[in-house]
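From a predicted model like this one, the values you see are computed outputs, not experimental measurements.
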2 protein chains.
Amino acid sequence: MHILVHMTETREHALTSEQLATFIHTNPVVVRRTIAGLRDAGIVTSARGHGGGWQLGRAPEKISLAEISAALGETLLPFSNEPESPGCLVEQAVIAALDDFRIEAERLLAEKLSRITLADLAADFRRRYELIGVTSHAV
Amino acid sequence: MHILVHMTETREHALTSEQLATFIHTNPVVVRRTIAGLRDAGIVTSARGHGGGWQLGRAPEKISLAEISAALGETLLPFSNEPESPGCLVEQAVIAALDDFRIEAERLLAEKLSRITLADLAADFRRRYELIGVTSHAV
DNA sequence: GTTTCATGTAACTTACTTAGTTACGAATCT
DNA sequence: AGATTCGTAACTAAGTAAGTTACATGAAAC
């Protein structure tokens, strides 16, 4: 998200993984590796060579957090429905009973995340930015 | 959950961590360590010495998944709101914007989990158990 | 009261996952 | 051609969780 807001703020030109890595205090390769999924989903585009780098693939109003989450392969809930003891009825019952919950919960979370766009986050940032001033903008 | 359903099915007597560990193919110490939180929350009770072991602390109808989740120290969502670059306005904006989502999502999940009780899971198990028969009940 | 059984917990080992790093090929612009 | 930047493989380091061993503590049985 941090990186994406930066990319929203500088839509006119591409940012290199080197620059993006600096923003979040990490390594260019980690950045490339992490946002590769975003590229595959069309959320960002990457260009090689001189003047290359990363840019938003479409308007930030059209990029929802649900898409970002999915593109990064994130799970919405911190538990899975993979059986660990196949054939155990207790486990099957637990998984089945929780599955209704899981499905509805994931639907709800996805629905909520799909209503928040990158533009919303960027607007929120801009508000704070103009309030506090450029000098405080560390990183 | 697996362990708790077993304990629901054998409310009359205590189960040792040894037995519980067998159910989920793990180690007695791991079991004790894991469900220590459940004991502290009163969801289960433990007794030392001869004939000791673990039992439900109260009726399974009065034990909700929300309580279990909280007692185990589980998080309901797979991301945190801890700032990693304190002072960065971008990060602050992202966290603030997501916080509304997080708070409502957690409230929703907790609400849903509080409506599912251990008795519900056990009843589901019992249905399957009677349907398929005792011979299939591996572990 | 001693023996047996079971939890409570510390300490250590092992396995796994993720982040970080180095290296280099491929693509692109000047 | 040379400089730049992504793409990706391969390796290292760090952090986390599970598994294991060991032993003290407490409780029941005899």
Side-chain angles (χ1 to χ4, degrees), chain A residues 1-4 6-7 10-57 69 71-75 77-80 82-85 91 139, chain B residues 1-4 6-7 10-57 69 71-75 77-80 82-85 91 139:
Chain A
M1 297 312 310
H2 195 146
I3 277 178
L4 285 170
H6 272 289
M7 283 166 64
T10 55
R11 289 208 64 191
E12 61 276 8
H13 59 86
L15 292 168
T16 67
S17 5
E18 187 86 37
Q19 294 173 300
L20 295 173
T22 307
F23 291 146
I24 59 173
H25 301 115
T26 185
N27 192 288
V29 178
V30 174
V31 169
R32 291 200 281 266
R33 200 150 67 194
T34 305
I35 65 181
L38 297 178
R39 180 193 55 222
D40 298 344
I43 293 170
V44 299
T45 60
S46 66
R48 290 175 162 183
H50 208 126
W54 302 82
Q55 268 176 301
L56 290 189
S69 171
L72 292 174
E74 305 270 322
T75 55
L77 293 172
F79 44 87
S80 88
E82 296 295 318
E84 289 168 7
S85 307
E91 181 166 289
V139 185
Chain B
M1 296 312 311
H2 194 147
I3 278 178
L4 285 170
H6 272 289
M7 283 167 62
T10 55
R11 288 209 63 190
E12 60 278 5
H13 59 84
L15 292 167
T16 68
S17 7
E18 187 87 36
Q19 294 173 300
L20 295 173
T22 306
F23 292 145
I24 59 174
H25 303 115
T26 183
N27 191 287
V29 178
V30 175
V31 169
R32 291 201 280 266
R33 201 150 65 192
T34 305
I35 64 180
L38 297 178
R39 180 193 55 223
D40 298 343
I43 293 170
V44 299
T45 59
S46 67
R48 291 176 161 184
H50 208 123
W54 302 81
Q55 268 176 301
L56 291 187
S69 171
L72 292 174
E74 306 270 320
T75 55
L77 292 172
F79 43 87
S80 87
E82 297 293 319
E84 291 170 3
S85 307
E91 181 166 290
V139 183

Please check: side-chain N/O of B:Gln55 versus main-chain N/O of B:Arg11, any donor-acceptor pairing under 3.5 Å?
yes

Pairwise side-chain contact, A:Val44 with A:Ile3, heavy-atom cut-off 4.5 Å (strictly under):
no

Atom-to-atom span, NE2 of B:His13 to P of D:dA28 - whole angstrom:
18 Å

Can you tell me if the side-chain N/O atoms of B:Ser46 get under 4.0 Å from OP1 or OP2 in C:dG8?
yes

Against the side chain of A:Val30, the closest entry in D:dT20, D:dC6, C:dG20 is C:dG20

Could you list the protein-to-nucleotides 8-17 of chain D atom pairs, N/O on both sides, closer than 3.5 Å?
from   : atom 1 : to      : atom 2 : distance (Å)
D:dA10 : N6     : A:Arg33 : NH1    : 3.3

Quick check on D:dC6: is either OP1 or OP2 less than 4.0 Å from any side-chain nitrogen or oxygen of A:Ser17?
yes

Taking N or O atoms only and anything under 3.5 Å, show me the protein contacts with nucleotides 28-30 of chain C, one pair per line.
from   : atom 1 : to      : atom 2 : distance (Å)
C:dT28 : O2     : A:His50 : N      : 3.4

Has B:Thr26 got a side-chain N or O lying under 4.0 Å from the OP1 or OP2 atom of D:dA18?
no

Can you give me every donor-acceptor pair (side chain of residues 28-40 of chain B, partner residue at least two apart or in another chain, under 3.5 Å) with its distance?
from    : atom 1 : to      : atom 2 : distance (Å)
B:Arg32 : NH1    : B:Ser17 : OG     : 3.1
B:Thr34 : OG1    : B:Val30 : O      : 2.6

Please check if the side chain of B:Thr75 supplies one atom and the backbone of B:Pro78 the other of a donor-acceptor pair under 3.5 Å.
no

For A:Glu18, is there any backbone N or O sitting under 3.5 Å from a side-chain donor or acceptor partner on A:Thr22?
yes

Search all heavy atoms of A:Ala41 against all heavy atoms of A:Ala71 and return the closest pair with its distance.
CB-CB, 3.6 Å

